[in-house]
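Shown next, in structure tokens, is the structure this report addresses.
When reading the values below, keep in mind they use all heavy atoms of this one structure, side chains included, and skip hydrogens, waters and symmetry mates. Numbers here are sequence positions counted from 1.
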Amino acid sequence: MATGHPYYDPTGSRHGLPTYPWGWVGDPDLRTKAQLRAEGLSIAGLEVAAQIMWRSNRAGNRNGVRTAALYRRSLARPVRPLTPAQERALARAELARHTCRDCGRVWEFCLPTSNDRCCPDGCATFEAPEADALAVAA
Ligand SMILES: [Zn+2]
């Protein structure tokens, strides 16, 4: 590996953070946020451990260099899954957005709050809601 490369700075002496050129990250424990996310891991609570540096025309700064933060995979924790109670609450909230507040009819689309979440053309034009739809809403 070319130790003289301007972006190769594993000790961070030049860039303040351990720095590797794009594609040259020598530490297999280092991942970008997107890579961790793809493994179901979260960067929550993690410190930036290193960075990738590369030259890009799309860089928004004068020297044309972009960086991406790297995190330690070994320290990353799984993205916290929803508890069953949280999932039920979300499902209830979602269902409420599709349910007429007056007659309980469940629509396939979100009812607008501008209409106070009621049937768009008025409840009277529709049959009473199915009993099982009400049971889910309860
Ligand atoms: Zn209605």
Side-chain angles (χ1 to χ4, degrees):
M1 190 169 292
T3 50
H5 192 289
Y7 304 155
Y8 184 73
D9 179 23
T11 61
S13 60
R14 265 175 293 159
H15 298 292
L17 268 176
T19 300
Y20 303 92
W22 183 265
W24 281 12
V25 179
D27 187 334
D29 193 40
L30 292 174
R31 304 289 161 89
T32 64
K33 178 182 176 180
Q35 287 169 332
L36 289 172
R37 193 72 203 188
E39 294 185 55
L41 297 170
S42 166
I43 64 163
L46 290 187
E47 288 183 14
V48 176
Q51 65 183 347
I52 310 173
M53 200 174 270
W54 72 101
R55 184 164 284 281
S56 167
N57 290 332
R58 289 194 298 152
N61 52 22
R62 202 179 309 153
N63 58 11
V65 173
R66 296 181 77 188
T67 61
L70 295 172
Y71 303 87
R72 294 234 161 261
R73 185 189 183 282
S74 54
L75 300 179
R77 272 177 284 184
V79 176
R80 190 175 306 166
L82 292 178
T83 66
Q86 284 173 318
E87 282 188 12
R88 280 196 298 275
L90 278 178
R92 268 200 304 275
E94 178 65 15
L95 187 65
R97 285 193 284 273
H98 294 252
T99 306
C100 171
R101 302 215 307 196
D102 279 351
C103 70
R105 181 184 162 96
V106 177
W107 293 79
E108 287 185 4
F109 55 88
C110 257
L111 292 167
T113 52
S114 61
N115 196 24
D116 207 20
R117 294 207 197 286
C118 289
C119 295
D121 298 318
C123 302
T125 55
F126 301 104
E127 304 281 318
E130 304 288 331
D132 58 343
L134 279 181
V136 177

Which residues satisfy the side-chain hydrogen bond (donor to acceptor under 3.5 Å, both in side chains) test with [X], sequence neighbours excluded?
{"X": "E39", "value": "R31, R73"}
{"X": "R37", "value": "none"}
{"X": "S74", "value": "D29"}
{"X": "S114", "value": "none"}

Exercise. Check whether any side-chain heavy atom of M53 sits under 4.5 Å from a side-chain heavy atom of H15, and report yes or no.
Key: yes
What are the two closest heavy atoms between [X] and [Y], and how far apart are they?
{"X": "D102", "Y": "C123", "answer": "CB-SG, 3.6 Å"}
{"X": "C119", "Y": "C100", "answer": "N-SG, 3.5 Å"}
{"X": "P120", "Y": "L111", "answer": "CD-CD2, 3.9 Å"}

Quiz item: Sequence neighbours excluded, which residues qualify as salt bridge (Lys or Arg N to Asp or Glu O under 4.0 Å) partners of R101?
Solution: D116
Self-check item: salt bridge (Lys or Arg N to Asp or Glu O under 4.0 Å) partners of D27, counting only residues at least two apart
Solution: R72
Practice problem: Just say parallel, tilted or perpendicular for the rings of Y8 and W24, cut-offs at 30° and 60°. | Solution: perpendicular
Say you draw a straight line from [atom1] of [X] to [atom2] of [Y]; how long is it, rounded to the nearest 0.5 Å?
{"X": "R92", "Y": "L95", "atom1": "CZ", "atom2": "CG", "value": "10.0 Å"}
{"X": "L82", "Y": "R88", "atom1": "CG", "atom2": "CZ", "value": "11.5 Å"}
{"X": "S56", "Y": "W22", "atom1": "OG", "atom2": "CH2", "value": "10.0 Å"}

Self-check item: Residues forming a ring pair (Phe, Tyr, Trp, His ring centres under 6.0 Å) with Y7, sequence neighbours excluded
Solution: H5
Practice problem: Answer with yes or no whether the hydrophobic clustering places L36 together with L17; edges join I, L, V, M, F, W, Y residues whose side-chain heavy atoms lie under 4.5 Å apart. | Solution: yes
Quiz prompt | Cluster check L75, L30: I/L/V/M/F/W/Y, side chain < 4.5 angstrom | solution = no
Which residues pass the side-chain contact (heavy atoms from CB on, under 4.5 Å) test with [X], sequence neighbours left out?
{"X": "E94", "answer": "R97, H98"}
{"X": "T113", "answer": "R117"}
{"X": "A34", "answer": "T32"}

Kindly list each side-chain donor-acceptor pair under 3.5 angstrom involving residues 41-52, sequence neighbours excluded, with atom names and distances?
unit_1	atom_1	unit_2	atom_2	d
S42	OG	A44	N	2.9
Q51	NE2	T19	OG1	2.9

Quiz item: Run the side-chain contact (heavy atoms from CB on, under 4.5 Å) check on Y20 and D9 step by step: do they pass?
Solution: CA-CA 6 Å; Y20 303 92; D9 179 23; over 6 Å; no
